[in-house]
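Below you'll find the structure, written out as structure tokens, and then a few comments.
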Amino acid sequence: MALIDIKDLHVSVQGKDILKGISLSIEAGEVHAIMGPNGTGKSTLSNIIAGRDGYDIKSGSVTYDGQDLLAMEPDVRARAGVFLAFQYPVEIPGVSTSAFLKSAINTKRRAEGKPEIDAMEFLKLVKAKNKALGIPDDMIKRPLNVGFSGGEKKRAEVLQMTLLEPRFAVLDETDSGLDIDALKVVSDGVNALRGATRAFLVITHYQRLLNYIVPDHVHVMAGGRIVKSGGKDLAHELEAEGYAKYLAAA
Amino acid sequence: MAASTQTAAAVREVEAYKYGFVTDIESDRAPKGLSEDIVRFISAKKNEPAWMLEWRLKAYRTWLTLADDEPAWAKLHYPKIDYQESYYYAAPKQKPKLNSLDEVDPQLLETYKKLGIPLQEQQILSGVAVDAVFDSVSVATTYKKKLQEMGVIFCPISEAVQTHPELVQKYLGSVVPVADNFFATLNSAVFTDGSFVYIPKGLRCPMELSTYFRINEKNTGQFERTLIIADEGSYVSYLEGCTAPQRDENQLHAAVVELIALDDAEIKYSTVQNWYPGDKDGKGGIYNFVTKRGACRGKNSKIMWTQVETGSAITWKYPSCILQGDNSVGEFYSVAITNNHQQADTGTKMIHLGKNTRSKIISKGISAGKSSNTYRGLVRIQGKADGARNYTQCDSLLIGHTCGAHTVPYIENRNPTAQTEHEATTSKISEDQLFYCLQRGMNTEEAVSLIVNGFCKEVLQTLPMEFAVEAQKLVAISLEGSVG
Ligand SMILES: Nc1ncnc2c1ncn2[C@@H]1O[C@H](COP(=O)(O)OP(=O)(O)OP(=O)(O)O)[C@@H](O)[C@H]1O
Ligand SMILES: [Mg+2]
């Protein structure tokens with residue numbers, strides 16, 4: 001059974017059809033990549049998976065671990081192991097990154113029936129992850145994402161992912177805004193999580209990321225549909241040729 | 001002025017005639033309404049000396065002249081209060097003793113649990129007879145004895161009137177004069193009880209007066225009167241109130257708190273107010289008209305107010321500082337939360353009289369539901385206050401689209417060497433922020449709590465440690481159901 005199974009999903013926003021029949025099945029242990037032109041519905045798909053409001057789901061289904069994902073509240077999905085690294089992480093003034101992280105970790109622990117993390121353990125854990133991701137320890141004292149550079153925001157997303165250890169993570173253009181070194185560090189973070197029980201959906205515009213996070217499958221999305229799927233070589237092909245032929249088809 | 005004084009005198013005569021002192025002193029409850037007779041009744045009930053009765057009567061007569069001066073300038077709407085429809089004295093009712101927490105309203109227990117109030121305290125708060133393991137009376141007595149040995153006077157103000165009349169006479173009404181304002185004058189006439197604190201010279205009171213106070217929480221709700229005097233070089237931290245929800249049959253509350261800090265003395269006064277706010281439709285709830293003022297009378301003295309206001313249907317409250325002594329410091333930290341139909345008009349006054357006096361105002365207003373939340377502040381710097389400084393920061397956070405937040409800061413600076421700084425922000429909890437938190441596994445209430453607590457962190461940090469944690473939870477509970 002696939003960990004996540006999307007079947008013929010049709011979604012519109014304010015009367016405009018965005019997703020026009022997406023089907024995608026991802027097994028535990030796999031990494032899938034989606035590439036596609038701007039405005040084609042990649043973030044819309046991410047948001048539908050995460051459970052954001054404001055979309056009109058016309059038809060189709062999404063199951064996660066055999067459950068009807070679309071029937072679950074967003075926080076329930078998250079606690080069940082669904083994670084979205086946002087394309088545009090939100091600033092939360094006044095809330096220190098560390099307070100936010102602690103709160104997120106503790107909700108997960110509560111859901112698992114574990115006691116809350118104690119302050120020392122938390123600091124040790126975060127420091128270790130920071131080190132691996134090249135995040136200065138000072139950053140977590142700052143309000144979440146407030147005044148973070150584009151790259152810092154993306155690193156903070158990956159930090160959250162590594163702390164929460166989701167079973168299924170969607171990375172929506174997490175590579176955008178990262179410098180070359182950061183790209184490698186962040187990819188190492190993702191790769192460290194890869195394993196037989198987890199799956200990833202990586203959305204990117206750049207083939208380069210896929211040199212570091214090597215996908216099992218690559219999909220081309222255009223005009224609200226998956227118009228081509230293939231192996232990791234498809235990404236190279238796209239980089240060389242662009243989307244022109246798929247746009248015509250869509 | 002003359003005309004109204006005359007009227008007052010005339011009224012007095014008529015009243016004296018009409019009401020001669022006839023109320024039965026044995027009765028547990030004074031008849032409805034307010035008159036000289038009632039004032040005498042209260043005073044007699046408390047066995048007060050003549051000077052105290054005179055003081056009350058003077059207040060009562062003044063109050064009659066203020067009949068048309070009930071403050072109307074605040075951004076608050078409530079039906080006109082008929083003061084003759086209230087009861088002004090009732091012997092504190094013994095709460096029915098319960099045998100175990102099983103007999104307590106489960107909803108109340110749920111709230112205690114959410115606040116993280118320890119089991120034993122839950123029992124005390126809800127009136128469960130406490131077993132020998134934790135004998136609250138003996139703990140309280142131990143504290144009291146310790147304090148006494150250090151020379152601290154900490155007792156009900158009615159007791160202080162008997163045991164320390166010289167201190168009460170000297171300081172009562174010295175910060176909030178009898179004629180100060182409609183509600184304070186009313187309180188002066190009919191106050192029933194409250195706390196009295198005196199910290200002797202040079203003593204740093206080693207314990208939060210809260211611990212003791214909380215265990216001994218009495219039903220002094222309606223017209224509380226508190227007087228705290230910190231003698232030269234002393235320090236005290238006093239905590240009023242309780243995070244646990246407070247109910248009271250009396251809708252009208254009009255407390256007065258006076259603080260006096262002499263040379264080099266410091267008073268830290270923290271309040272957590274969680275009186276019944278009324279229901280979701282705005283029915284019921286306490287009207288809370290409070291006059292709180294501190295006088296930094298001595299040089300280098302300091303008064304710090306921290307308030308967390310989450311309860312009451314109406315809050316009218318401006319804890320203030322009169323910075324008289326040179327180099328004295330006044331600080332005001334406030335979190336005011338309004339939800340559903342609650343209305344709060346709260347803030348502070350900082351009156352700079354002495355040289356190099358400094359004041360700091362940090363106000364965080366959070367409004368949700370259909371509530372209205374106003375910050376009203378005055379910073380006045382008098383001509384002689386050379387080098388005075390003020391910093392004011394007022395932040396408002398809105399939840400939803402149907403609430404209102406207002407900021408009304410007045411600055412009157414009469415000294416060219418003084419400096420004032422004012423910053424204000426208004427923000428909203430956005431859908432994006434909430435979704436972000438949900439995506440990380442928090443539920444809506446946890447998300448709102450996290451964001452709001454972040455917003456008012458600066459204020460909550462000034463609370464005594466163990467209380468700050470409860471206050472954080474209280475913030476969350478007050479906003480339950482405000483989103484989604
Ligand atoms: N709330 C909305 N109202 C109207 N249009 C919307 C809304 N949200 C998304 N859209 C539209 O839906 C389309 C798909 O947007 P989406 O963000 O999913 O694209 P994307 O593939 O992630 O693009 P990019 O590569 O630029 O991130 C766009 O045309 C966008 O303008
Ligand atoms: Mg996108």
Side-chain angles (χ1 to χ4, degrees), chain A residues 46-47 49-55 72-112 116 141-146 153 156-157 159-161 163-166 169-170 172, chain B residues 113-114 116 333 335 337 362-366 393-401 423-461 465 468-469 471-473 475-476 479 483-484:
Chain A
S46 314
N47 288 333
I49 290 169
R52 191 187 205 111
D53 261 355
Y55 296 94
M72 293 157 78
E73 292 297 321
D75 54 323
V76 176
R77 299 183 196 194
R79 292 196 294 274
V82 175
F83 182 94
L84 170 61
F86 287 83
Q87 183 175 2
Y88 304 108
V90 180
E91 301 187 356
I92 307 188
V95 178
S96 71
T97 304
S98 70
F100 184 89
L101 296 175
K102 205 189 263 169
S103 184
I105 289 174
N106 280 332
T107 24
K108 178 167 184 261
R109 289 174 72 122
R110 270 199 301 275
E112 292 167 349
E116 298 201 346
K141 294 184 189 151
R142 292 165 57 187
L144 183 67
N145 292 325
V146 178
K153 283 182 183 167
E157 293 292 291
L159 172 63
Q160 292 177 56
M161 183 178 75
L163 286 169
L164 294 173
E165 301 181 331
V170 180
D172 193 354
Chain B
K113 214 174 90 194
K114 283 186 189 163
Y333 296 88
V335 170
I337 299 180
I362 308 286
S363 162
K364 306 277 177 178
I366 298 126
Q393 189 187 322
C394 294
D395 298 320
S396 306
L397 184 67
L398 303 172
I399 302 174
H401 309 280
E423 286 175 30
T425 65
T426 301
S427 52
K428 251 182 187 198
I429 296 188
S430 72
E431 296 281 325
D432 285 352
Q433 287 173 333
L434 280 176
F435 180 66
Y436 191 90
C437 295
L438 293 183
Q439 211 304 301
R440 298 308 185 238
M442 298 167 215
N443 64 32
T444 306
E445 271 155 17
E446 287 166 334
V448 170
S449 164
L450 184 74
I451 295 172
V452 174
N453 272 302
F455 174 75
C456 48
K457 185 167 58 188
E458 211 180 333
V459 173
L460 298 181
Q461 275 167 353
M465 219 351 213
V469 178
Q472 279 180 24
K473 293 178 181 157
V475 162
L479 290 168
V483 176

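Here is how names work: the chains are called A, B, and so on, in the same order as the sequence lines, proteins then strands, and each is numbered from 1. For the numbers below, each heavy atom of this structure counts, side chains included, while hydrogens, waters and symmetry mates do not. Keep in mind it's a predicted model, so treat the numbers as computed, not measured.
- The shortest heavy-atom contact between A/K153 and A/P89 is CB-CG, 4.0 Å.
- Relative ring orientation between A/F86 and B/F435 is described as perpendicular, the plane-to-plane angle rising above 60° on a 0-90° scale split at 30° and 60°.
- Residue with the most contacts toward chain B among A/A111, A/P143, A/P74, A/G54: A/P74 (heavy-atom pairs, distance under 4.5 Å).
- Residue A/R52 touches chain B through both its backbone and its side chain, counting heavy-atom pairs closer than 4.5 Å.
- For chain B, the option among A/N47, A/V90, A/V82 with the highest count of heavy-atom pairs below 4.5 Å is A/V90.
- Contacts between A/N145 and chain B at a heavy-atom distance below 4.5 Å involve the side chain alone, from C-beta outward.
- Put simply, the side chain of A/T97 gets close to the backbone of A/R142: a donor and an acceptor are under 3.5 Å apart.
- When each of A/E73, A/R110, A/R77 is checked for heavy-atom pairs under 4.5 Å with chain B, A/R110 comes out on top.
- Only the side chain of B/E446 comes within less than 4.5 Å of a heavy atom in chain A; its backbone stays farther off.
- For chain B, the nearby part of A/E91 is the backbone; its heavy atoms alone come within less than 4.5 Å.
- Across B/Q439 and A/A78, no two heavy atoms sit closer than the pair O-CB, 3.0 Å.
- Between chain B and the options A/L84, A/D53, A/I92, the largest number of non-hydrogen pairs under 4.5 Å is found for A/L84.
- Counting all heavy atoms, side chain and backbone alike, A/D172 lies closest to A/S46 at OD2-OG, 3.6 Å.
- For a residue to count as touching a neighbouring chain, one of its non-hydrogen atoms must lie under 4.5 Å from one of that chain's; by this rule A/Y88 does not touch chain B.
- Using a 4.5 Å heavy-atom threshold, the side chains of A/P93 and B/Q433 count as touching.
- At a 4.5 Å heavy-atom cutoff, the contact between A/L144 and chain B is made by side-chain atoms alone.
- Exactly one residue among B/I366, B/L434, B/N453 makes a side chain to side chain contact (heavy atoms under 4.5 Å, CB included) with B/V448. That residue is B/L434.
- With salt bridges taken as basic N to acidic carboxylate O contacts below 4.0 Å, one links A/E112 and A/K108.
- Only the side chain of A/L164 comes within contact range of chain B, with at least one heavy atom under 4.5 Å from a heavy atom of that chain.
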